[in-house]
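Okay, so here's the structure we're looking at.
These numbers were taken from a predicted model, which means no experiment stands behind them. Below, read A as the first sequence line, B as the second, and so on, with proteins coming before strands; counting in each chain starts at 1.
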Amino acid sequence: MKKTIYLFLSLVVLGLYACDDEDTDTTTKPGTLDIEFNNTINGEGITMDTKTYTNAGKEGFIVSELKYIVSNIVLIKKDGGEVAYPVADSYFVIDENDSKRILLKDIQAGEYTKVKFGIGVDQSKYPLNGVANFIPTAEEKGMLWSWSAGYKFLKFEGTFSTETIEDEKFVMHIGTHGTTQDNYKEVTLDLPSVLTIGEDVSPSLEVEADILKVFDGTNTIELSTKSDIQVDPVNAPKIAENLTAMFEAVNISN
Amino acid sequence: MLIAFFLAGASCASSEENLSPVLEEPSSIDNNPKLVLTVPENFPELTYDTSLNAPTMKGFELGKMLFYDGRLSSDGVVSCGFCHMQDFAFTHHSHIVSHGVNGAIGTRNAPPLHNLAFLNSFNWDGVVTHLDLQPVIPITAEVEMNETFGGIIQKLKKDPEYVDMFDAAFENNKIDAENILKALSQFMIMITSSNSKFDKIEREEGAVFTDQEAAGFTLFNTHCASCHKGTLFTDQSFRNNGLPIDEKYNDIGRSRISGLPQDRYKFRVPNLRNIELTFPYMHDGRFGTLEAVLEHYTSGMVDSGTIDPLFKNDDGHLGLPLTPDEQQQIIAFLKTLTDDQLLNDSRFAEF
C-alpha cells in the first residue's frame with residue numbers, strides 16, 4: 001500500500017512539474033511566490049477601530065475585524081496551462097489585524113499571466129485530502145462555525161451609524177451550510193505584467209481588495225436594512241458575489 | 001456473519017458483497033490489514049466512499065481509542081462514548097439532551113450511531129454532509145466537548161502510545177486533524193446494525209413475526225413507512241412532525257442552517273433501529289416512552305406552520321388514526337428492530 005501511495009504522490013508531483021514538456025522553463029528549478037493582500041478603502045490601507053468610512057448608502061462604518069479565507073490557488077500561463085498549488089497546503093486566512101501574506105513554495109518555474117483562487121472552502125468537493133488540516137488554523141482565527149462544522153469564509157465586523165442609528169454593531173459571517181447554501185466562490189485575476197517564477201527570482205504579487213465592494217458590488221448591501229448577516233439565504237449569497245469583484249492584482253515586484 | 005468484517009486478503013475473492021476496494025499488495029496485509037465493510041444484503045449501497053478513507057485494522061483501533069478518550073474534551077472526561085453508549089445503541093441513556101464538560105447542557109438529544117456509512121447528512125438539521133466532518137461539532141461545541149483540534153493534537157503528540165498508533169495507522173504517520181477525523185470515521189462506519197429480528201425476517205433467515213408484530217408491521221407500512229422508509233427506516237428528509245414548540249429551546253431545526261422560513265421546526269426523520277433502547281425520543285428528548293410517541297402521532301400534534309402535509313386529514317384532524325390497540329401493535333413491531341448482536345459486539349466495546 002505504501003508503494004501505491006508513494007507512486008500516486010510522485011505522479012501528482014510530476015504532474016505539477018511536467019505537464020508541459022515543450023515549455024523551456026521546465027528545465028529551471030521551481031521557485032517561490034509571495035502574495036500580499038492589501039485591503040483598502042478609497043485606495044488606502046484600512047485604519048482599524050477608529051476611522052469612520054462611508055459606503056454608497058451613506059452609512060458611516062468603523063471596522064473592528066476583517067478576515068477572509070483564500071484557497072485553491074492556481075497559476076495560469078499564457079497558453080492557458082494551469083499549475084495548481086497542492087490543495088492540502090492551499091488554505092489561508094487573510095487577517096487585517098495580522099498576516100495578509102501568503103508564501104507559496106516549490107512552484108513550477110514558468111511565466112504566468114493570471115492567478116485564480118477561491119474565497120472560502122469548497123465543501124462541494126469535500127473530502128479533499130488534507131483540507132481537514134486547515135481546521136486548527138481556522139479555529140485559532142475564529143473562522144470555524146463549530147455548530148455547523150463549516151468555515152466562515154468572510155468575517156467582517158464593526159459598528160455603523162446613519163442619520164437615525166448611532167454606533168450599532170454590524171456582523172457579517174458568510175459561509176456554506178450543509179447543502180442548503182453554497183457560498184464558495186472563485187475569482188480569476190489578470191496579472192498586471194508577466195509573473196516569472198524560477199529559482200533565481202523571488203517575486204511578490206500585490207493583490208488589492210477594495211473592501212467597499214462588500215457593500216457596493218454587483219449587489220448593494222445596506223447595514224441599516226440588516227446589520228447581522230449570518231446564515232442568511234438572501235444576503236449571504238449577495239455578499240459572496242460582491243466579494244468576487246473586490247480583488248485586483250495590482251503589482252508584481254521581484 | 002453479516003456485520004462481521006474480514007481481513008481483505010482472506011475474503012475478497014469469495015464474497016461478492018465486499019464493496020470496499022481491496023489493495024492487493026500482500027506486504028500491507030501483514031502489519032495493517034484492510035478491513036472490509038460488508039454491506040448486508042437487505043441494505044442499500046454505501047454513501048461513505050471508502051476508497052478515500054479505506055478502513056484498516058490499525059485505523060479502526062485508533063478510531064476506537066479516540067472515540068472513548070476523554071482527552072478529546074477540555075475537561076478530560078467527556079469522550080464521544082460518554083454520550084454515545086453502546087449498551088443503548090450508542091445514545092446517551094435516559095438523557096433528554098446531551099451533557100457536556102463541567103455539567104454543561106446541550107439542546108438536542110444525542111442520536112444513535114449505527115449505519116452511518118449509509119447516510120447523506122448528519123445532525124438533526126443535516127448541517128454536516130460528510131461523516132469525516134461530523135465530529136468537529138461535538139468536539140468544538142462549548143456545551144459538549146469544548147475542545148479545539150489544536151489542543152487535541154498537542155495532547156495526543158505527548159502520548160507515545162498515540163504516536164505509535166498514528167504511525168501504524170496512516171502512511172504519513174502524522175497526528176493531525178485529518179487523520180484524527182479519518183480514524184474516527186473508520187471506527188464509526190464499521191458500526192452496522194443489521195441483525196435484528198426484523199432483518200432476519202427480511203432476509204428470510206428463519207425468524208417470524210408474532211401475530212402482534214405482524215399486525216404492527218402492516219400498520220407501520222401504512223402509516224409510518226413513507227418517512228421511516230426502507231431498511232434504514234428513514235428517507236433522510238427533514239420534516240415537521242407536529243411537535244408543540246418547546247419554549248425552552250425554541251429550536252427552529254433546519255431553518256437554522258438554511259435561513260428559510262419554510263424549514264422552521266423541521267428535523268431529520270430519525271432511523272428507528274434499536275428504538276426500544278434509544279429513549280428519550282425526538283430531537284429534544286421530550287418523550288420518554290414509545291407509548292408517548294405513538295400518542296403524540298395520534299392525538300398530540302399541532303400545526304406550527306410547517307407541519308408535514310402527510311399528517312393533515314380531510315376532516316381537519318392532525319395525525320394518524322390509530323386505536324390504542326394499533327399503537328401497541330406498532331410498538332411490538334418496533335421492538336423487532338432491536339439488534340442484540342450490535343449491543344454486545346466486543347469490537348465496539350469501550351472495555
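A 6.0 Å sphere centred on CD of B:Glu142 holds no more than 12 heavy atoms belonging to other residues, nucleotides or ligands. For B:Leu119, the CG atom sits in a packed shell: over 12 heavy atoms of surrounding residues, nucleotides or ligands are nearer than 6.0 Å. Crowding of B:Lys58 atom NZ: a count of heavy atoms from other residues, nucleotides or ligands under 6.0 Å not exceeding 12.
Heavy-atom pairs under 4.5 Å with chain A were tallied for B:Thr129, B:Val128, B:Ile257, B:Asn172; the largest tally goes to B:Ile257.
Distance NE2/A:His177 to CZ/B:Arg254: 12.0 Å, rounded to 0.5 Å.
Using a 4.5 Å heavy-atom threshold, the side chains of A:Leu144 and B:Thr148 count as separate.
Within residues 150-158 of chain B, the residues having any heavy atom under 4.5 Å from a heavy atom of chain A are, by residue number, B:Gly150, B:Ile153. When the heavy atoms of residues 210-222 of chain A are compared with those of chain B, none of the residues falls under 4.5 Å. Residue-level contacts of residues 228-246 of chain A with chain B, in order of numbering, are A:Val231, A:Pro233; threshold 4.5 Å between heavy atoms.
Proximity to chain A (any heavy atom under 4.5 Å) is shown, for B:Thr140, by both the backbone and the side chain. No part of B:Ser121 comes within reach of chain A, as not one of its non-hydrogen atoms sits under 4.5 angstrom from that chain. For a residue to count as touching a neighbouring chain, one of its non-hydrogen atoms must lie under 4.5 Å from one of that chain's; by this rule B:Arg256 touches chain A with backbone and side chain alike.
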Check residues 99-108 of chain B and write down every donor-acceptor pair under 3.5 Å in which the side-chain atom is one partner and the other belongs to a residue at least two apart or another chain.
unit_1   : atom_1 : unit_2   : atom_2 : d
B:Arg108 : NE     : B:Asp251 : OD2    : 2.7
B:Arg108 : NH1    : B:Asp125 : OD2    : 3.1
B:Arg108 : NH2    : B:Asp251 : OD1    : 2.9
B:Arg108 : NH2    : B:Asp251 : OD2    : 3.3

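Pairing each heavy atom of A:Asn133 with each of B:Ala177, the nearest pair is OD1-N, 3.1 Å.
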